[in-house]
Participant: 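Handing you a structure now.
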Amino acid sequence: MLHKPDVPVMRVAADDLLVWYDRHRRRLPWRAAPGETPDPYRVWLSEIMLQQTTVRAVGPYFEAFVARWPTVAALAAADGEDILKAWAGLGYYSRARNLIACARAVAGRPGGRFPDTEEGLRALPGVGAYTAAAIAAIAFGRRAAVVDGNIERVITRLHALETPLPAAKPEIRRLVDAITPADRPGDFAQAMMDLGASLCTPKRPACGLCPWMKPCAARLAGTQETFPRKMPKAVRPLRRGAAFWLVRPDGYVLVRKRPDKGLLGGMTEIPSSPWTEDFDMARATDHAPLRGMRWRRLPGEARHGFTHFELVVTVFAADALTTTKAPEGCRWVRLAELDGEALPTAMRKIAAVARG
DNA sequence: GATTCGTGGGT
DNA sequence: TACCCAAGAAT
């Protein structure tokens with residue numbers, strides 16, 4: 001099944017990659033200098049932030065977090081709401097909720113230290129197969145098969161692996177495990193990720209500079225850009241909804257905390273209707289947080305793309321009184337302090353439409 | 001195994 | 001413009 005008589009099987013040398021890495025390693029805020037002992041807290045925090053998130057986007061967030069919460073104990077002792085506010089804009093907010101739970105779990109362990117094995121790490125909230133292996137290897141020098149999106153691309157090209165993702169994951173893991181050295185496993189993992197990020201890129205890989213050019217089966221066949229194979233993805237539907245911008249004459253606006261689970265869980269929102277594909281805009285104000293208001297539809301719309309659907313929100317505005325009580329689950333926030341709230345980007349776009 | 005879960009930048 | 005993609009995890 002896996003035998004490909006037309007593709008020569010070549011020996012892949014971990015050393016060739018490590019030599020390249022020692023010369024070209026990226027300097028990243030969370031990466032310890034050569035010879036220095038990595039801080040498990042910084043390794044963990046960066047790995048959580050980097051899940052499905054670019055290095056560029058993570059940078060400022062990582063710096064802000066370690067400046068404000070220098071240790072896992074400090075993070076564990078922090079107000080959860082402050083952490084959500086600091087995370088706002090980075091996306092995938094369940095990560096922030098798991099971050100809090102994980103910090104508190106670690107702080108409650110003997111010595112307040114992270115587990116130093118892949119298995120122990122895997123049991124922590126928000127730590128899956130990739131992150132557990134990455135922390136074990138990078139922070140604790142454990143030999144572990146680290147497989148992220150970069151490494152999937154590198155490995156499927158190296159072996160010209162025809163199996164489409166995600167079905168290919170178990171085989172990729174075996175192939176990575178087979179070449180992971182006992183010495184410098186953390187550097188090896190980071191080297192493969194650097195390779196995927198800088199040379200073995202999705203488009204126009206720089207094969208001429210690659211330390212693994214010779215053993216790469218896809219390069220030999222000239223098909224490197226076609227890997228990894230992937231299952232076609234579903235079309236993204238369009239959902240619509242309404243948001244309700246209620247302001248008081250003294251400069252307060254009504255906001256609401258979203259349920260802890262689900263989309264934008266635990267974050268602050270401009271009170272909104274559900275978002276559906278068959279939203280009835282004529283009955284939009286049925287979803288308003290307060291009845292009996294003179295809701296007027298504002299010009300323009302807020303558009304935002306989520307992973308699995310496209311969103312278009314129509315904004316309705318009304319004037320409240322200084323004495324208007326906030327409905328259940330809602331609260332008043334000073335307009336000038338709205339930016340400091342745990343507002344996801346989608347909500348900031350809605351606020352921008354409302355404020356003209 | 002398939003879905004759900006954000007956001008910004010690159011092409 | 002309309003995709004694609006990024007140091008994935010939880011359910």
Side-chain angles (χ1 to χ4, degrees), chain A residues 26 28-31 42-62 84 87-99 101-102 121-139 144-154 164-170 172-173 176 186 188-198 200-204 225 228 230-239 258-267 269 275 303-311 342-349:
Chain A
R26 305 166 81 186
L28 303 171
W30 43 85
R31 194 171 269 183
R42 294 168 64 93
V43 174
W44 163 73
L45 179 62
S46 66
E47 290 301 344
I48 300 299
M49 288 184 165
L50 286 163
Q51 288 166 5
Q52 293 291 285
T53 309
T54 58
V55 164
R56 176 177 302 152
V58 166
Y61 284 87
F62 178 81
L84 289 183
W87 194 278
L90 197 53
Y92 284 134
Y93 298 101
S94 66
R95 291 185 298 173
R97 301 192 298 276
N98 286 328
L99 188 81
C102 185
L121 290 159
R122 179 66 182 82
L124 294 171
V127 178
Y130 160 76
T131 305
I135 299 174
I138 297 169
V146 179
V147 183
D148 78 322
N150 287 304
I151 295 173
E152 285 176 349
R153 187 169 57 255
V154 170
L165 288 171
K169 282 174 179 289
I172 294 171
R173 184 179 177 78
V176 169
F188 182 73
Q190 293 177 93
M192 279 206 290
M193 291 191 275
D194 278 16
L195 187 67
S198 59
C200 197
T201 49
K203 305 293 181 187
R204 298 181 54 118
E225 272 204 42
K230 290 187 176 178
M231 294 294 288
K233 46 195 217 178
V235 293
R236 289 195 321 178
L238 175 67
R239 296 187 192 173
R258 293 176 63 88
D260 280 325
K261 296 196 180 291
L263 187 70
L264 308 180
M267 302 297 285
E269 69 170 355
W275 303 329
R303 294 181 158 272
H304 189 73
F306 289 92
T307 306
H308 51 293
F309 65 92
E310 186 75 19
L311 176 66
L343 274 188
T345 298
M347 292 299 157
R348 292 177 192 266
K349 289 180 178 176

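So you know, we letter chains A, B, ... as the sequences are listed, proteins then strands, and number each from 1.
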Participant: Under 4.0 Å, counting only non-hydrogen atoms across every strand here, what does Lys230(A) touch: a base, just sugar-phosphate, or nothing?
Facilitator: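 Sugar-phosphate contact only - Lys230(A) comes under 4.0 Å of backbone atoms but never of a base.
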
Participant: Please work out if Ala129(A) contacts a base, only the sugar-phosphate, or nothing of the nucleic acid, heavy-atom cut-off 4.0 Å.
Facilitator: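 Contact class for Ala129(A): sugar-phosphate only.
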
Participant: Going 5' to 3' on DNA chain B, which nucleotide is the first and which the last to come under 4.0 Å of a heavy atom in chain A?
Facilitator: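 Footprint of chain A along DNA chain B, 5' to 3': dT4(B) to dG10(B).
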
Participant: Find which nucleotide of DNA chain C each of Lys261(A) and Ser46(A) is nearest to by heavy atoms, and output the residue with the more 5' nucleotide.
Facilitator: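 Looking at the nearest nucleotide for each, Ser46(A) comes out on the 5' side.
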
Participant: For a 4.0 angstrom threshold against heavy atoms of chain A, report the outermost contacting nucleotides of DNA chain C in 5' to 3' order.
Facilitator: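 Under 4.0 Å from chain A, the extent on DNA chain C is dC4(C) to dA10(C).
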
Participant: What distance do Leu99(A) atom CG and Leu124(A) atom CG have between them, rounded to the nearest 0.5 Å?
Facilitator: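 The distance works out to 11.0 Å.
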
Participant: At under 4.0 Å between heavy atoms, what does Leu28(A) touch on the DNA or RNA strands: base, sugar-phosphate, or nothing?
Facilitator: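 Contact class for Leu28(A): base.
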
Participant: By the 4.0 Å heavy-atom rule, please label Pro166(A) as base, sugar-phosphate, or nothing.
Facilitator: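 It contacts nothing in the nucleic acid.
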
Participant: To the nearest 0.5 Å, what is the distance between CZ (Phe306(A)) and OG1 (Thr345(A))?
Facilitator: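 Phe306(A) atom CZ to Thr345(A) atom OG1 measures 9.0 Å (nearest 0.5 Å).
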
Participant: Please name the pair of heavy atoms, one in Val176(A) and one in Val146(A), separated by the smallest distance, quoted to 0.1 Å.
Facilitator: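 Residues Val176(A) and Val146(A), closest heavy atoms: CG1-O, 3.7 Å.
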
Participant: Might you point out which heavy atoms bring Ala133(A) and Ala145(A) nearest each other, and give the distance in Å?
Facilitator: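 In terms of heavy atoms, the two residues are closest at CB-O, 3.6 Å.
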
Participant: Could you check Leu28(A), Leu45(A), Val58(A) and say which one makes a side chain to side chain contact (heavy atoms under 4.5 Å, CB included) with Leu50(A)?
Facilitator: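 Looking at Leu28(A), Leu45(A), Val58(A), the match for Leu50(A) under the side chain to side chain contact (heavy atoms under 4.5 Å, CB included) is Val58(A).
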
Participant: When you compare dA7(C) with dA2(B), how far apart are their P atoms, in angstrom units rounded to a whole number?
Facilitator: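 It works out to 24 Å between them.
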
Participant: Are a donor atom and an acceptor atom from the side chains of Arg31(A) and Gln190(A) found within less than 3.5 Å of each other?
Facilitator: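 Distance-only check passes for Arg31(A) and Gln190(A).
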
Participant: For a salt bridge (Lys or Arg N to Asp or Glu O under 4.0 Å) with Glu269(A), tell me which candidate from Arg348(A), Lys349(A), Arg258(A) qualifies.
Facilitator: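 Answer after filtering Arg348(A), Lys349(A), Arg258(A): Arg258(A).
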
Participant: Heavy atoms under 4.0 Å, any strand shown: does Val55(A) hit a base, just sugar-phosphate, or nothing?
Facilitator: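 Result for Val55(A) = nothing.
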
Participant: Closest nucleotide of DNA chain B for Met231(A) versus for Gly89(A): which of these residues is on the 5' side?
Facilitator: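 Closest to the 5' end, via its nearest nucleotide, is Met231(A).
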
Participant: Under 4.0 Å, counting only non-hydrogen atoms across every strand here, what does Thr131(A) touch: a base, just sugar-phosphate, or nothing?
Facilitator: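 Result for Thr131(A) = sugar-phosphate.
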
Participant: Specify the residue among Phe306(A) and Arg56(A) whose closest nucleotide of DNA chain B lies further upstream toward the 5′ end.
Facilitator: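 By nearest-heavy-atom nucleotide position, the 5'-most residue is Phe306(A).
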
Participant: What contact category does Lys233(A) fall into here, base, sugar-phosphate, or nothing, at under 4.0 angstrom with non-hydrogen atoms?
Facilitator: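 Since only primed, P, OP1 and OP2 atoms lie under 4.0 Å of Lys233(A), the category is sugar-phosphate.
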
Participant: Give Ser94(A) one of three labels, base, sugar-phosphate or nothing, depending on what nucleic acid heavy atoms sit under 4.0 Å from its own.
Facilitator: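 Counting heavy atoms under 4.0 Å across all strands, no contact is made by Ser94(A).
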
Participant: Checking Tyr61(A) now: which residues fulfil ring pair (Phe, Tyr, Trp, His ring centres under 6.0 Å) with it, not counting sequence neighbours?
Facilitator: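 None.
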
Participant: Base, sugar-phosphate, or nothing for Ala167(A), non-hydrogen atoms under 4.0 angstrom?
Facilitator: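 Nothing, no nucleic acid heavy atom in range.
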
Participant: So, Arg153(A) side chain and Cys200(A) main chain: donor-acceptor pair closer than 3.5 Å or not?
Facilitator: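 Between the backbone of Cys200(A) and the side chain of Arg153(A) there is a qualifying donor-acceptor contact (under 3.5 Å).
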
Participant: Categorize Arg204(A) for me: base, sugar-phosphate, or nothing, with a 4.0 angstrom heavy-atom threshold over every strand shown.
Facilitator: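 No contact.
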
Participant: Arg122(A) near the nucleic acid: base, sugar-phosphate alone, or nothing, with a heavy-atom cut-off under 4.0 Å?
Facilitator: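 Sugar-phosphate only.
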
Participant: What contact category does Trp30(A) fall into here, base, sugar-phosphate, or nothing, at under 4.0 angstrom with non-hydrogen atoms?
Facilitator: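 Touches a base.
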
Participant: Considering only atom P, compute the distance from dG8(B) to dA9(C) and round it to an integer number of Å.
Facilitator: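 Result for the P pair: 22 Å, nearest Å.
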
Participant: Contact class for Leu264(A) vs. all strands (heavy atom < 4.0 Å): base, sugar-phosphate, or nothing?
Facilitator: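 Sugar-phosphate, no base atom in range.
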
Participant: Is Gly262(A) touching bases, backbone alone, or none of the nucleic acid, heavy atoms closer than 4.0 Å?
Facilitator: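 It contacts sugar-phosphate atoms only.
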
Participant: Does Thr201(A) reach the main-chain N or O of Ser198(A) with its side chain, forming a donor-acceptor pair under 3.5 Å?
Facilitator: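 Between the backbone of Ser198(A) and the side chain of Thr201(A) there is no qualifying donor-acceptor contact (under 3.5 Å).
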
